[in-house]
Amino acid sequence: MADTSRIRPKGGIVVLDFGSQTTQLIARRIREQEVFSVVLPCWTPVEQIRALEPAGLVLSGGPSSVYDPGAPVCDPAVLRMGVPVLGICYGLQWISHTLGGQVRPAESREFGPAVVEILGASPLFAGLPSRQKIWMSHGDHVVSLPEGFRQTGQTETTLAAIEDPARRFFAVQFHPEVRHTEHGREILHNFVFGICGARPNWTRAGFVAESTAAIAERIGGEQAICALSGGVDSTVAATLVHRAIGDRLTNVFVDTGLLRKNEFEDTVELLERRVGLNVIGVRAAGRFLARLAGVVDPEEKRRRIGNEFIAIFAEQAREIGRTSGKPVRFLVQGTLYPDVIESVSVRGPSATIKTHHNVGGLPAVMPLDLVEPLRDLFKDEVREVGRELGLPEEMLTKHPFPGPGLAVRILGEVTEERLAALRQADAIVNEEIRRAGLYQQLWQAFAVLLPVRSVGVMGDARSYGLTVAVRAVTSEDAMTADWARLPADVLERISARIVNETPSISRVVYDISSKPPATIEWE
Ligand code: XMP
């Protein structure tokens, strides 16, 4: 059953994706201006686009050349919809090629910063200086324009902007969506408001009101269930649904025994008392530890944890059905827009480096309809919606924590003793990071327990204890990450406290690898 509780206001901007790494950013930059924007694959049938009644279209960049066999294309009918179009990079080349212009490989590929000279008056560049810093990334360029077009921008080497004002087609060879393009935001603003005449239709208060009404209508008088992870996404999703249907939503929070120090108690307390959710806390540490006995392979750990989680969740759902006399029909999930875009991407699903644990396998086990109220939101929008819902700031700004928890931060077998040691070390890392006022600047900070023993000296005695690696990274989206340059005195306090307060650990090392080539987690 389609999720009719999704909110997609009319009069937004449709971004057709040709596979660029920065396509999502285009939609984000438009939404930052409070206009709804949605990314669809370039081959989306024109009727489907028209059904959204867009105020305008953006055709994204992409890695291909228009002459490549199998190069991505749109239905040319998108250029006859009668709405303004903005082509970016490959989008410009596809428009030119399709309407009879000529595209050729440039003598050299152009990457990085450049300066564009704006030629004459153009509504796309209205109010902006005639020389602007921009960011380029392309191999081909346009050498002759289609009929009706004129050139509006030139860099030292390349034609950089064109337009056909009569048909309201605009196109740039550079990337206005990236921050390095000095006036990118204003260029998109000019397109969205000045050229398309869009109106702000995307505010967090509007989203909360409309999606609550839509969820209430979809779920009606039925029962729903949600698996809380303690993280931002599932909490915001559950809070929205709770607003819509009250305590007919039951939230299950499982103590896998793989959580951080005090996390189970603190999270249940916060969600029940402060947020007012209806939470069932399930203590199941023993079950998970039993399933993990003897397992060292990270993917096998993830698989077993995922399966056990689904088994517990299904038991809880049946129990709720039995006690309420009404079977649970809906499953609430905190799926975000980037996951949705990735699964329909022109580039195809990216190669799996790690399988991420969630409850996605559940509908296969139980006949539940999915409610995914955040399916159209980016992470920063989810935090904003959380603020609108009055969720505590400490919850909204919490670092991400992997579903399989500490199990993927213990290299080798997971045992109760190792969990206890890691939990203690991890708590120290977090306390010291917070005490130094660094928590908000970091994407994540944690400890990893290594199966490496080394010789040390404690008092006058020889020690032969385990090693902990401290990991702290900065990142915007976890796709890439940089190791954090933590002050030496903070590292010193962390190291001293871990060795003093955790007897089985005698050595602390700091991880100075970035992603890529390393990943953030060690497993
Ligand atoms: P990596 O290690 O792939 O991590 O660089 C990227 C982000 O994803 C988190 N992560 C996971 N989250 N289940 C999750 O829910 C997992 O199995 C998992 N593995 C990694 C990681 O903490 C980081 O934020």
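Fair warning: this is a prediction, and the values are worked out from it, not measured in the lab. Counting starts at 1 for both ligands and their atoms, following the listed order.
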Considering only NZ, NE, NH1 and NH2 on the basic side and carboxylate oxygens on the acidic side, decide whether [X] and [Y] come within less than 4.0 Å.
X    : Y    : result
D369 : R329 : yes
E394 : R274 : yes
E431 : R434 : no
K301 : E521 : no

Enumerate the atoms of ligand 1 whose separation from the nearest heavy atom of K515 is less than 4.0 angstrom.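 So the answer, numbered in order with elements, is 1 (P), 3 (O), 5 (O), 6 (C).
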Could you tell me, atom by atom, which parts of ligand 1 come under 4.0 Å of a heavy atom of T519?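 Selected atoms, number and element: 1 (P), 2 (O), 5 (O).
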With respect to [X], determine whether any N or O atom, backbone or side chain, lies less than 3.5 Å from an N or O atom of ligand 1.
X    : result
F401 : no
P400 : no
R409 : no

Under the 6.0 Å and 45° cation-pi test, does R409 pair with F446?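 Yes, R409 and F446 form such a contact.
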Looking at ligand 1, is there an atom of it that comes within less than 4.0 Å of some heavy atom belonging to W443?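 The answer is yes: ligand 1 sits under 4.0 Å from a heavy atom of W443.
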